[in-house]
Protein chains: 4
Amino acid sequence: METRFRVSRKALEKEARKQDILDAAARLFSQRDFHEVTVDQIAAEVGLSKGTVYLYFRNKDDLFHAIVVQKGQSLLRKTRESLQCAGDFVDCLREFVRAHCGFFEENVTYFRITHSEKTRMTAEGKHRLHDYADQLFHAHLAMLMELVERGRSEGVLREEGSLALVKALRGILTAYVFHYAFGQSETPLSEQAEEIVDLFLNGAKRQAP
Amino acid sequence: METRFRVSRKALEKEARKQDILDAAARLFSQRDFHEVTVDQIAAEVGLSKGTVYLYFRNKDDLFHAIVVQKGQSLLRKTRESLQCAGDFVDCLREFVRAHCGFFEENVTYFRITHSEKTRMTAEGKHRLHDYADQLFHAHLAMLMELVERGRSEGVLREEGSLALVKALRGILTAYVFHYAFGQSETPLSEQAEEIVDLFLNGAKRQAP
Amino acid sequence: METRFRVSRKALEKEARKQDILDAAARLFSQRDFHEVTVDQIAAEVGLSKGTVYLYFRNKDDLFHAIVVQKGQSLLRKTRESLQCAGDFVDCLREFVRAHCGFFEENVTYFRITHSEKTRMTAEGKHRLHDYADQLFHAHLAMLMELVERGRSEGVLREEGSLALVKALRGILTAYVFHYAFGQSETPLSEQAEEIVDLFLNGAKRQAP
Amino acid sequence: METRFRVSRKALEKEARKQDILDAAARLFSQRDFHEVTVDQIAAEVGLSKGTVYLYFRNKDDLFHAIVVQKGQSLLRKTRESLQCAGDFVDCLREFVRAHCGFFEENVTYFRITHSEKTRMTAEGKHRLHDYADQLFHAHLAMLMELVERGRSEGVLREEGSLALVKALRGILTAYVFHYAFGQSETPLSEQAEEIVDLFLNGAKRQAP
DNA sequence: CATGAATGAGCGTTCATTCAT
DNA sequence: AATGAATGAACGCTCATTCAT
């Protein structure tokens, strides 16, 4: 039992170390391009030796993808939870947007990563990202589709083209996160959730009195 | 006169060659990251020698920025023209969206470039892009602001936060271009202009009867 | 204690490796021009890979300057020591010339380097050499000045223009080293010290009986 | 006859153009290293196209050597003439030193070139310089030898080692030119001829009263 | 003769990756 | 497990040289 305990403690330590590397790397990747961050810098950021990084990740690509996957999972989990809300579609949509905003508020630094990675992924036809990361991306899309479908079935959203609605929602969300992440200091992202929902649902037109 | 003709022909040829390089490079930059495209590849793509590329551009960065600037100018010109329409705000908005869609329909390959470059630019605070490219970016933002202001002064758009409206419009536009550029074959982008305008103005809610 | 020993041994080995590179590079720089020696050749000469050289020196310039500085220091040290002789001016002058000759006898290969570097340094006005190498050069000049002044104060040397005397001494010294370094095999340089001193002090004229 | 005239005029023009290139190149080579001067720069300095330079010189090396040879010939001619003086050895020596100084005063810019080239030449064992330049170098040495021999046969110079005397003379001369060429503004070199002769003949010692 | 566009070998430098300790 | 020295492939860039016009 002592051995089991030792092993498990070791395993935990190892996991912790791995997470340290992921965090350090993510910090750097959010500031500079994939190719502009060197393994040396990552190692220095965690306070480890370059060789040690290779004990935890097979190569630089793996490390990068691990970040994308981990953050993707996290986003997916949080937004999924938000959809289990008790209320009606609009309530749930509000929760969803809040979750999305909350996630990126806490992970501003990861926005650039996922942003550029999403692009790369789509452009090169999955050659670069592991299947799992690919699945995550599509899972996110699917979840949005579901949400929109529900809005439709509740009679709140338009009947035509649910893909169009998904595009609009993602577009507005992304634009807001973008401005939050790169723009000069603004109001907290999560406080803008209501605004996003409003714009998405009612559009830019002045409301009839 | 023959001499004059010869000289001008040479100058034209040189300009044409420069454009060839720009086009070839843009093709590659749209498929892979800046650092993943080598000057050798660019040269090969045009059918020239590596050294020759350096006769036309001081370095790889310059070449890249030349592309961004050229396309940025083009987009700016086309969208600006669209705003000189005779009709009311909604007409102009429709023209604007059409121009935007039309441009990216013809320049799908440039979307990724400007997409990632815009990110990099904002992130690194103008350190990398020439002033001119910087100006272009802000000019585009300013133009959108103007358009939205007009919509407000005509009483069509909401009174609150014009930045919010700009975000929404850009977000939806970008999302549509993104899906067109990377998604599997869809309807022509320009045919989706009406849909974009509708979503932006009226939102996703089912319209009251 | 074993650890301490290991650490210090590693540090020593690293220092030794660095010196190996310096020596190999110096050998090559003495045979060919700075620009005619490639980093690849230097690496091959030490039996290392090109990249390894860059673990020890930031770049080719640094490596070159390290050689100049190291040898300059050595020359300065040895000649300075020689001036602490007990005897009168002529004794000290003799010691000085011997030290100078002795140094270049052991460092023939470095003569060309310092020779050409001195030229470059003076010509380009300190733009290329690190401040330290610059200081060394002037320290050497200053030392010669001091020596000559002493000869004058002891009533041995002429009263007029000590710079003239410095020029003459350096000129003769350099000429001798030059012939030794590049000429076909001759008598050891250090054995020519007496001759140099004699020519410098008494000139080429046949001595009055 | 008109044809002959035309041809000869053309030949003259060609020769003049060639000289222009030599002069421009020499100017640049005196400021920067051989490898730091580009053929492009040379062409620009003469106001010609790069390709044109290759009509007059087979390659960059040839051009460089042509300069060295031409200047060497010129120095040789001028110093040889000086030796045809009517007076005794000391008069002739004085004339020689004056000629040497005069030459480098007018050709300060060429000092560095010949300086570094002489080194390179001796170091690499004639592999680089054309035979002719090699001959020039040795002709200069031989001339000095002759001069010194004459001084000896007239009973003015010491009996021992004429090579030693040649070394001393060349050393002092070179040192003076060096200081003139690179040092901060000094008295004209030719006015220092007397001083050089004095130092060479009588040495640095204070003269007995 | 003169041009200058094109070439391509070659250099300095970087950096992901390996491996002996 | 951790290190960090060593590697070597690869890249951006330069420039002497050629050649069609």
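Chain identifiers are assigned alphabetically (A, B, ...) following the order of the sequence lines, protein sequences preceding nucleic acid strands; residue numbering begins at 1 within each chain.
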Atom [atom1] of [X] and atom [atom2] of [N]: how far apart are they, to the nearest Å?
X       : N      : atom1 : atom2 : result
A:Arg58 : E:dA16 : CZ    : P     : 16 Å
A:His35 : F:dG12 : NE2   : P     : 11 Å
D:Asp61 : F:dT17 : CG    : P     : 7 Å
D:Asp20 : E:dA2  : CG    : P     : 11 Å
A:Phe34 : E:dC15 : CZ    : P     : 13 Å
A:Leu55 : E:dT21 : CG    : C1'   : 14 Å
B:Phe64 : F:dG12 : CZ    : C1'   : 16 Å
C:Asn59 : E:dC11 : CG    : C1'   : 13 Å

Given side chains that start at C-beta, do those of A:Tyr56 and A:Leu22 come closer than 4.5 Å, heavy atoms only?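 No, too far: nothing below the 4.5 Å cut-off.
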Do you know the tightest heavy-atom contact between [X] and [Y]?
X       : Y       : answer
D:Asn59 : D:Tyr54 : CA-CE2, 3.8 Å
B:Val46 : B:Ile21 : CG1-N, 3.9 Å
C:Ile42 : C:Leu63 : CD1-CD2, 3.9 Å
C:His35 : C:Lys60 : CA-NZ, 4.0 Å

Quick check on contacts: within residues 39-47 of chain B, what sits under 4.0 Å from DNA chain E by heavy-atom distance? none
For DNA chain F, the expected dot-bracket line (Watson-Crick or G-U under 3.5 Å, [ ] crossing, | inter-strand) is .||||||||||||||||||||
Out of F:dG12, E:dA16, F:dT7, which has the shortest distance to the side chain of A:Lys50?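 Per side-chain heavy atoms of A:Lys50, the pick is E:dA16.
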Among the nucleotides E:dG8, E:dT17, F:dA5, which one has an atom lying closest to any side-chain atom of B:Ser49?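 The listed nucleotide nearest to B:Ser49's side chain is E:dG8.
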Taking 4.0 Å as the cut-off, does a side-chain nitrogen or oxygen of [X] come that near to OP1 or OP2 on [N]?
X       : N      : answer
A:Arg17 : F:dA2  : yes
B:Tyr56 : E:dA5  : no
A:Thr52 : F:dT3  : yes
A:Lys60 : E:dT17 : no
C:Tyr54 : F:dA6  : no

Measuring from B:Arg58:CZ to B:His65:NE2, what's the distance to the nearest 0.5 Å?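 Interatomic distance, B:Arg58 CZ to B:His65 NE2, rounded to 0.5 Å: 11.5 Å.
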Roughly how far, to the nearest 0.5 Å, is the CD1 atom of B:Ile67 from the CZ atom of B:Phe29? 5.5 Å
Is the backbone of B:Thr52 close enough, under 3.5 Å, to the side chain of B:Ser49 for a donor and an acceptor to pair up by distance?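 No; judged by distance alone, with no hydrogens or angles, the pair does not exist.
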Between C:Lys14 and B:Thr38, just flag the one whose closest nucleotide in DNA chain F comes earlier from the 5' side.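 Looking at DNA chain F, the more 5' nearest nucleotide goes with C:Lys14.
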NZ or CZ of C:Lys71 within 45° of C:Phe111 ring axis and under 6.0 Å: no
